[in-house]
Amino acid sequence: MMMKSTTAFVQKTSALKRSNNKKAASTKRAAAVRVSAASEIGTPFSTWVLQQEMKDNIDNEHAIVLQSISVACKQIASLVQRAGLAGMTGLAGDTNVQGEDQKKLDVISNDVFCDTLRLSGRTGVIASEEEDVPVAVEETYGGNYVCVFDPLDGSSNIDAAVSTGSIWGIYAGDSQCVPDFNSESPAEVEAKCVQNVCQPGENLVSAGYCMYSSSTILVISVGDGVYGFTLDSAVGEFIMTHERIQIPKSGKIYSFNEGNYDMWAPGLKKYMDSLKTGGKETGSKPYSARYIGSLVGDFHRTMLYGGIYGYPGDSKNPNGKLRLLYECAPMSFLAEQAGGAGSDGTGRVLKINPEKVHQRVPFFTGSSEEVAYLESFMK
Ligand code: FBP
């Protein structure tokens, strides 16, 4: 009897234990599901874009423009990867409006971006680093979004297969300023296009870049945090790998072309010298220098590791080298959305009102404390 009741008791408790374990396991699974539901890592880009629309961060027209840009980036990623194999390295034989020798891939990437944006039917005006003037899109079915872009940044690195990238910014079109092809002269249409694109960065409704490197990574913000998507070539889709990126508040990495040091202003030279003795914590370990020579590559590393990237003005180029509209403003939008900063040395780049489409500005971006420290030498 005793035995029987003990066995029964043991069986009962182990059954109880089993069911408790089962319950515990299912609670854990439920928790895991909840966690995975909370974390968006693994979300395909196209799904994320639809989710932004459901959150009213963007409208359907804007969603279509973003999807189109992701397609253009996939095409450029494949072109860049095959450049050496397909004879697409070297010069195209022309110069762009900046007087720079165009690389073959500069021209091809520009065509890819222009065609994809035009055929999306949702852009009204597009402006590119490789186009002299902004172009009014005739195939617009709606949306009138304005897209400014650098189709292939860091072109000096292409032939060496070092990181390059595409950069873009999107503005809402100026409804008072829609070009009318029927009644307006080409000059009037062009003037309206320039007015549409020459908007301060704080008017941006979204911005992003795509880095072509050991991985192809698309980084974007629609004004509600910064997200990163890595191209999974097996499925041909960008998959979320970086969620709500936050730039570390400070970081001991600087990224400047110090070859221009002698042409810099005394304040900037003093700043650069201070980094070699620990910067704001004098006597601490010196900053490390990292410079790929491609804004997208240097910016992406700065987003993840912290530190500062800078392209100052100097005695030869008082406004530096980088273009406000399609390099500095989009990157400043992303930096600020990630808790960092984008400055011209004295104030926010996003506040600057562009006077010309290809206007250059001195540019400093990265960790908020590092940019503030630099600015303290520039005022
Ligand atoms: P483009 O390649 O689009 O003209 O961009 C300018 C750029 O290549 C940046 O990507 C880079 O940070 C910088 O110029 C490098 O300039 P430098 O060779 O003078 O250091």
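Numbers here simply count residues along the sequence, with the first being 1. Here the structure is a predicted model, which is why all the values come from computation and not from measurement. Read the numbers this way: they start at 1 and go in the same order the structure lists the ligands and their atoms.
Distance from atom 15 (C) of ligand 1 to its nearest protein heavy atom, with residue and atom name: Tyr291 OH, 3.4 Å. Closest to atom 12 (O) of ligand 1 among all protein heavy atoms lies Tyr309 OH, 2.9 Å. Atom 2 (O) of ligand 1 has its closest protein heavy atom at Gly154 N, 2.8 Å. Scanning the protein for heavy atoms near atom 19 (O) of ligand 1, the closest one is Tyr311 OH, 2.6 Å. The nearest heavy-atom contact from the protein to atom 11 (C) of ligand 1 is Gly293 O, 3.4 Å.
Residue Asn257 holds the heavy atom nearest to atom 17 (P) of ligand 1 of all those in Asn257, Asp150, Asp153, Ile158.
Its side chain within the 4.5 Å cluster rule, Tyr261 clusters with Tyr254, Phe256, Trp264, Leu268, Tyr271, Met272, Leu275, Tyr287, Ile308, Phe364, Val371, Tyr373, Leu374, Phe377, Met378 among the Ile, Leu, Val, Met, Phe, Trp and Tyr residues.
Taking only nitrogen or oxygen atoms, main chain and side chain alike, Leu322 does not reach within less than 3.5 Å of ligand 1. Ligand 1 has a nitrogen or oxygen under 3.5 angstrom from a nitrogen or oxygen of Leu295. Some N or O of Lys321 is nearer than 3.5 Å to an N or O of ligand 1, by distance alone. Of the N or O atoms in Asp298, none lie within a sub-3.5 Å distance of an N or O in ligand 1.
For ligand 1, the atoms sitting less than 4.0 Å from at least one non-hydrogen atom of Ser155 are 2 (O), numbered in the order shown with element in parentheses. Numbered from 1 in the order shown, with element, the atoms of ligand 1 that lie under 4.0 Å from a heavy atom of Arg323 read 1 (P), 3 (O), 4 (O), 5 (O), 6 (C).
Screening Val205, Val49, Asp224, Val65 against Ile58 for a side-chain contact (heavy atoms from CB on, under 4.5 Å) leaves a single residue, Val49. Applying side chain to side chain donor-acceptor pair (under 3.5 Å) to Tyr227 and the options His242, Arg244, Glu243 leaves one that passes, Arg244. When each of Leu295, Val80, Val296, Ile292 is checked for a side-chain contact (heavy atoms from CB on, under 4.5 Å) with Thr164, only Val80 meets the rule.
Aromatic pair Phe229/Phe45: ring centres closer than 6.0 Å. The six-membered or imidazole ring of Tyr326 lies away from that of Trp168, with a centre-to-centre distance of 6.0 Å or more. Between Tyr145 and His62, the distance from one ring center to the other falls under 6.0 angstrom. Ring to ring, Tyr209 and His300 are close: their centroids are under 6.0 angstrom apart.
Counting heavy atoms under 4.0 Å from ligand 1, residue Phe256 does not touch it at all.
With respect to Lys74 and Glu237, a salt bridge is recorded, a charged nitrogen being found less than 4.0 Å from a carboxylate O.
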